[in-house]
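So the structure is just underneath, and the comments pick up after that.
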There are 2 protein chains.
Amino acid sequence: MQRGADASLDEVAKHAQVGIGTLYRHFPTREALLGAACDERLSELAQQSRQRAARVAPGEALCVFLEALVRHASVYRGLAASLGIVLKNGSSGCHATTEEGLRLLSLAQASGEIRSDIAFDDIVCMATAISLTTAQDAPGGRRIDRLVSMFVDGLRVRAPKASRGPRS
Amino acid sequence: MQRGADASLDEVAKHAQVGIGTLYRHFPTREALLGAACDERLSELAQQSRQRAARVAPGEALCVFLEALVRHASVYRGLAASLGIVLKNGSSGCHATTEEGLRLLSLAQASGEIRSDIAFDDIVCMATAISLTTAQDAPGGRRIDRLVSMFVDGLRVRAPKASRGPRS
DNA sequence: ACCTGAACACCGTTCAAGT
DNA sequence: ACCTGAACACCGTTCAAGT
């Protein structure tokens, strides 16, 4: 399951050495299969985020979390489109990731860094969006970074720092 | 062609009263077909944007343009994913829309409202992203508006107005 | 020259038969 | 009870035959 990105279900079954029917009984929906396939990876993502969040400001932690989510969704073709559903399907790593995201968002909003009218679903939505659009890009492109940075700027409460003096 | 969103090519051909082979010869790629199907609509979009741009500030004009593009890409299922390619395919309305977008972006950047490191491709990319993610949403949802607003905030040069006083 | 649609290839899904 | 994979349905694409 590791590499075979958007292989046909037939190939997945063959590679897992089971019949296609058995595959269907274990994973009734495509989302269930995807969820199981990347569950471990999501667990790691959540854990790394928790560790990082102990060191940096909430807003920053949320940004890096978003970026990690985008990159995660880009690993398996076909995952991005159903990221929202996969995260909700409840398997352990999905749940951990959702929990961590909710936690970071609350913290960042409480600290006044991030707009209070943002929902976690919007974060997932953005991660999905960036993954989907950059999927066709050349592999090592800079667009992911640029889009993440743009998105994140959109999340920030206005005038956080005024890196240059404001005009007139 | 008007309504049949993501119908099979077979149905498109049948509806157009031609053989499937003829359809292929007229439109060798899916993008060519999509481009032709929405060309008129894109012409209108570009024209309306030009009229609007005469009345409002460049940044504002660019935002409304982006929103229109998002809504356009949401009309036909399957268009969003290839919006970038479709816009480049060169048919009249596509060309007009690209021209108008480039023009608005230049103006908005020259006026200092919009970040100078944004490319038109990024705008298209964002429109694609929002369309793709909101495609699965309930029809009348508010998410499109919220995401467009977020995106656009990300485009803006910092501290444009300082709606509230900056902190300490 | 142009059009047609049967034919082929591919993939997702089901379900009768086997163990 | 559980597994299997042939069989069915569907869609995209091509190309030999017809006009």
Side-chain angles (χ1 to χ4, degrees), chain A residues 1-39 41-42 72-92 94 128 131-133 135-137, chain B residues 1-39 41-42 72-92 94 128 131-133 135-137:
Chain A
M1 300 231 199
Q2 288 285 43
R3 299 252 77 214
D6 51 355
S8 75
L9 291 188
D10 214 59
E11 288 185 285
V12 173
K14 209 147 276 167
H15 190 258
Q17 313 222 23
V18 297
I20 179 70
T22 307
L23 186 71
Y24 264 89
R25 245 175 356 92
H26 283 319
F27 310 106
T29 69
R30 192 174 199 87
E31 282 77 27
L33 175 59
L34 280 168
C38 66
D39 194 61
R41 204 186 164 81
L42 279 176
H72 168 77
S74 304
V75 168
Y76 304 84
R77 281 174 210 240
L79 172 58
S82 15
L83 180 63
I85 301 169
V86 168
L87 280 180
K88 284 197 179 88
N89 97 335
S91 92
S92 148
C94 301
T128 304
S131 288
L132 283 170
T133 30
Q136 304 141 332
D137 287 11
Chain B
M1 301 231 197
Q2 288 284 42
R3 299 251 77 216
D6 51 355
S8 74
L9 291 188
D10 213 60
E11 289 186 285
V12 173
K14 210 147 275 169
H15 190 259
Q17 312 223 25
V18 297
I20 179 69
T22 307
L23 186 69
Y24 265 88
R25 245 177 353 94
H26 283 318
F27 309 105
T29 69
R30 195 173 197 86
E31 283 75 28
L33 176 58
L34 280 168
C38 66
D39 194 61
R41 204 185 163 82
L42 279 176
H72 169 77
S74 305
V75 168
Y76 303 84
R77 282 177 210 237
L79 171 58
S82 15
L83 180 63
I85 302 167
V86 168
L87 279 180
K88 284 196 180 88
N89 99 333
S91 90
S92 147
C94 300
T128 304
S131 288
L132 283 170
T133 29
Q136 302 140 334
D137 287 12

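Proteins get letters first, then strands, A, B, ... in listed order; numbering begins at 1 in each.
Residues satisfying the side chain to side chain donor-acceptor pair (under 3.5 Å) criterion with B:T128, sequence neighbours excluded, are absent altogether. Scored by the side chain to side chain donor-acceptor pair (under 3.5 Å) test, A:S91 finds A:D39 as partners (sequence neighbours excluded). Every side chain to side chain donor-acceptor pair (under 3.5 Å) that B:R41 has, sequence neighbours left out, goes to B:H72.
With C:dT13, D:dT13, C:dC2 as the candidates, the nucleotide lying closest to the side chain of B:R25 is C:dC2.
Atom CZ of A:R30 and atom P of C:dC11 are 11 Å apart (whole Å). Rounded to an integer number of Å, the gap from B:Y24 OH to D:dC11 P is 13 Å. Atom pair B:Q17:CD and C:dT4:C1' shows a separation of 14 Å (rounding to whole Å applied). Between the CG atom of B:D10 and the P atom of D:dT14 there is a distance of 15 Å, rounded to whole Å. Taking atom CG of B:L33 as the reference point, atom C1' of D:dG12 lies 13 Å away to the nearest angstrom. Atoms CG (B:L23) and C1' (D:dT14) sit 14 Å apart, rounded to a whole Å. Taking atom NZ of B:K14 as the reference point, atom C1' of D:dG12 lies 14 Å away to the nearest angstrom. Taking atom CG on A:L9 and atom P on C:dT13, their separation rounds to 6 Å, with Å as the unit.
To the nearest 0.5 Å, atom CD of residue B:Q17 and atom CG of residue B:L23 are 13.0 Å apart.
When all heavy atoms of B:A80 and B:S131 are compared, the closest pair comes out as CB-CB, 3.6 Å. Here the closest non-hydrogen pair linking B:L79 and B:C38 is CD2-SG, 4.3 Å. Closest approach of B:F27 to B:A36, counting heavy atoms only: CE2-CB, 3.5 Å.
Using a 4.5 Å cut-off on side-chain heavy atoms (C-beta onward), A:L9 and A:R30 make contact.
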Check: protein-nucleotides 5-10 of chain C nitrogen or oxygen pairs below 3.5 Å:
from: C:dG5; atom 1: O6; to: B:G21; atom 2: N; distance (Å): 3.3

*How does DNA chain C read in dot-bracket, base by base from 5' to 3', with Watson-Crick or G-U pairs under 3.5 Å and | used when the partner is on another strand?*
||.|||||...|||||.||
With a cut-off of 3.5 Å and sequence neighbours excluded, list every side-chain donor-acceptor pair involving residues 81-88 of chain A.
from: A:S82; atom 1: OG; to: A:G78; atom 2: O; distance (Å): 3.4

